[in-house]
Number of protein chains: 2
Amino acid sequence: MAPKSDAESAVTSALVSANVRADAQRNADAVLSAAKEVFAEKGVDAPVRDIAAKAGVGIGTLYRRFPKRSDLIKAVFKQEVDACAATAADFSAQYSSMEALTRWLHRYTDFIAAKRGLSSALRSGDPAYDELPDYFRARFEPVLGELLRQASEVQEIRADIEAYDLLRAIGNLAAATGDGSADHTRRMVGLLVDGLRNPPRKGSNL
Amino acid sequence: MAPKSDAESAVTSALVSANVRADAQRNADAVLSAAKEVFAEKGVDAPVRDIAAKAGVGIGTLYRRFPKRSDLIKAVFKQEVDACAATAADFSAQYSSMEALTRWLHRYTDFIAAKRGLSSALRSGDPAYDELPDYFRARFEPVLGELLRQASEVQEIRADIEAYDLLRAIGNLAAATGDGSADHTRRMVGLLVDGLRNPPRKGSNL
DNA sequence: TGATAAACGGAACATTGTTCCGTATATTTC
DNA sequence: GAAATATACGGAACAATGTTCCGTTTATCA
């Protein structure tokens, strides 16, 4: 059945519906795209001017669509959450339910690890980011829930796993590792997934 | 025996030994003290000028001793680490080994909770703060280690607790709680301490 | 007490977020 | 297709804040 969950309609480009002039739409997209790159390169503290320059627009143009620096950060964050959530459907279509689940959890792990810079912004106390945790959950919980359901339906994993708990657990795992030990995190997540299997198999570490 | 651990000689005031003019020493102390207050009031993002003003010195004077903003933050952090570490000796002198341990762990919990703003600075990736984690560990590990040793000597707690593990465990506990649920954290730490007791007693939740 | 090195204070500079407004252009109207 | 108009554009200018510089003041010492 795989119902298209509510969390499907994504913000793939800034300014979706409104009656905007074509150039405005084009520029907004360019800015968002530039912001994504610049943030990835120089971190979320990169100057707004750099983003405007990379997008090939003036600062005024940037500020017209993203009145606050935090608006840009939020927009990029949401877009990447959407992108990560969207891969779940791809994996589901391409792989067995268990493999889809495993692949997506690793994808999610990478997402969290890449967003380390953002996590400090989230905890900065700036109320501008208050909405992000909810957005995060609203997008990811149904997606992972569906993957879990499909895997448990074919009796590959336990049926009593809460999507939200798993999201948080992995989130903490991946965000906590101070150094660049991406490998370590991957292994930890592997263990976690192993622990989901039903029934626990011989040789499992959990 | 209670050996005065290496971690005793603390930076209680900026500029300890060097041949400094009296006014310089006085001003440096005033700045450090003002910084502590201002950071507590307005967070670590407070403007340097506010600190200079509160200390009653010019900006130039402040910058003479703390050439970078991060130097101020580091100095305050170290001073508060020292203050927290120092209470262990007081508690040891005043209370039973078990009570001293418990009290100090709560003191440490409060310290971590109060430093939430700093923790994001630590993870900001700014290499200026690279030294802090080591400082943190160098100060706290011997102190807690001694408290644990004393408590285990009188057979109140298990002997196989690693000071560092406990520091980290409580650190994560106290830092993770997003809201201002200080009470919740206190209870969690209480549980943890309960779990240290040797042997596990009837009625223990662990 | 006078000489001098050290310290002081704050003006000035650099960077960066944000606002403002004169100019340019996409869209609509006829 | 051309004029009218609302919309968008670009970047100069402002504000906040970290940092540097240097003329003036002062603690220290002989």
Side-chain angles (χ1 to χ4, degrees), chain A residues 13-35 38-39 41-76 117-118 120-121 124-129, chain B residues 13-35 38-39 41-76 117 121 124-129:
Chain A
S13 70
L15 277 56
V16 274
S17 54
N19 255 8
V20 223
R21 257 168 55 173
D23 55 348
Q25 177 73 59
R26 212 180 323 120
N27 282 331
D29 288 348
V31 166
L32 197 51
S33 164
V38 172
F39 286 156
E41 266 175 49
K42 312 186 184 177
V44 283
D45 289 334
V48 179
R49 280 168 178 77
D50 289 3
I51 296 170
K54 182 151 216 160
V57 306
I59 321 170
T61 300
L62 186 156
Y63 267 87
R64 166 169 301 267
R65 297 304 168 193
F66 304 95
K68 295 283 188 180
R69 179 194 168 66
S70 59
D71 293 328
L72 253 182
I73 294 177
K74 284 191 290 184
V76 170
L118 270 185
S120 47
S124 69
D126 186 334
Y129 301 109
Chain B
S13 71
L15 278 56
V16 275
S17 55
N19 256 7
V20 225
R21 257 169 54 172
D23 54 347
Q25 177 73 60
R26 212 180 322 121
N27 281 332
D29 289 347
V31 166
L32 197 52
S33 164
V38 171
F39 286 157
E41 266 175 49
K42 312 186 185 179
V44 282
D45 289 335
V48 179
R49 280 168 177 78
D50 288 4
I51 296 171
K54 182 152 216 159
V57 306
I59 320 170
T61 301
L62 185 155
Y63 267 88
R64 167 169 302 266
R65 297 304 168 192
F66 304 95
K68 297 281 188 180
R69 179 195 169 64
S70 61
D71 293 327
L72 253 182
I73 295 177
K74 283 191 291 185
V76 169
S124 69
D126 187 335
Y129 302 110

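Please read all numbers here as calculations on a predicted model, not as lab measurements. Letters A, B, ... are given to chains in the order of the sequence lines, protein chains preceding strands, and every chain is numbered from 1.
- Under 4.0 angstrom from either OP1 or OP2 of dA7(C) there lies at least one side-chain N or O belonging to R64(B).
- Across all their heavy atoms, A75(A) and F66(A) have their closest contact at CB-CE2, 3.9 Å.
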task: For V31(B) and R65(B), run side-chain contact (heavy atoms from CB on, under 4.5 Å): C-alpha distance rounded to whole Å, both residues' side-chain angles, the deciding distance at 0.1 Å, then the answer.
output: CA-CA 9 Å; V31(B) 166; R65(B) 297 304 168 192; over 6 Å; no
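- Remark: C1' of dG17(C) and CZ of F66(A) are 16 Å apart, rounded to the nearest angstrom.
- Nearer the 5' end of DNA chain C, as judged by each residue's closest nucleotide, is the contact made by R21(B), out of R21(B) and G56(B).
- Between K74(B) and D71(B) there is a salt bridge, with a side-chain nitrogen of the basic residue lying less than 4.0 Å from a carboxylate oxygen of the acidic one.
- V76(B) pairs in a side chain to side chain contact (heavy atoms under 4.5 Å, CB included) with only one of the listed residues (L32(B), V44(B), I51(B)), which is L32(B).
- Rounding to whole angstrom units, CD of residue Q25(A) and P of dT7(D) are separated by 16 Å.
- Taking every side-chain heavy atom of I59(B) into account, dT19(D) is the closest of dA7(C), dT19(D), dT18(C).
- In this structure, D71(B) atom CG and dT20(D) atom P are separated by 11 Å, rounded to whole Å.
- Close to dG18(D), at under 4.0 Å from its OP1 or OP2, lies a side-chain N or O of R69(B).
- Nearest to the side chain of V57(A), among dT19(C), dG10(D), dA26(C), sits dG10(D).
- At whole-Å resolution of the value, CG in L62(A) and P in dC9(D) are 10 Å apart.
- Between S70(B) and A128(B), the shortest heavy-atom contact is OG-CB, 3.5 Å.
- D45(B) has its CG atom 15 Å from the C1' atom of dT16(C), to the nearest Å.
- End-to-end axis angle of the helix from dT1(C)-dA30(D) to dC30(C)-dG1(D), from C1' rotation axes over five pairs per end: 0° (rounded to 10 degrees).
- The phosphate of dG10(D) (OP1 or OP2) has a side-chain N or O of T61(A) nearer than 4.0 angstrom.
- Atom CG of D45(A) is separated from atom CZ of R69(A) by 6.0 Å, given to the nearest 0.5 angstrom.
- Listed pair R26(B) / dA27(D) fails the phosphate criterion, with no side-chain N or O lying under 4.0 Å from OP1 or OP2.
- Heavy atoms only, all atoms of each residue included: L72(A) and L62(A) are closest at CD1-CD2, 4.1 Å.
- The side chain of D23(B) has dC8(C) as its nearest neighbour among dG10(D), dC9(D), dC8(C).
- Dashed line: the shortest gap from a side-chain N or O of N27(B) to OP1 or OP2 of dA7(C) is not under 4.0 Å.
- Between the OH atom of Y63(B) and the C1' atom of dA12(C) there is a distance of 14 Å, rounded to whole Å.
- Here the straight-line distance linking atom CD of E41(B) with atom NZ of K54(B) works out to 4.0 Å at 0.5 Å rounding.
- Side chain of R49(B), nearest nucleotide from dA27(D), dT17(D), dT19(C): dT17(D).
- Between D29(A) atom CG and dC9(D) atom P the separation is 12 Å, expressed in whole Å.
- Among the heavy atoms of the strands, none lies under 4.0 Å from A53(A).
- Between I73(A) atom CD1 and dT16(C) atom C1' the separation is 13 Å, expressed in whole Å.
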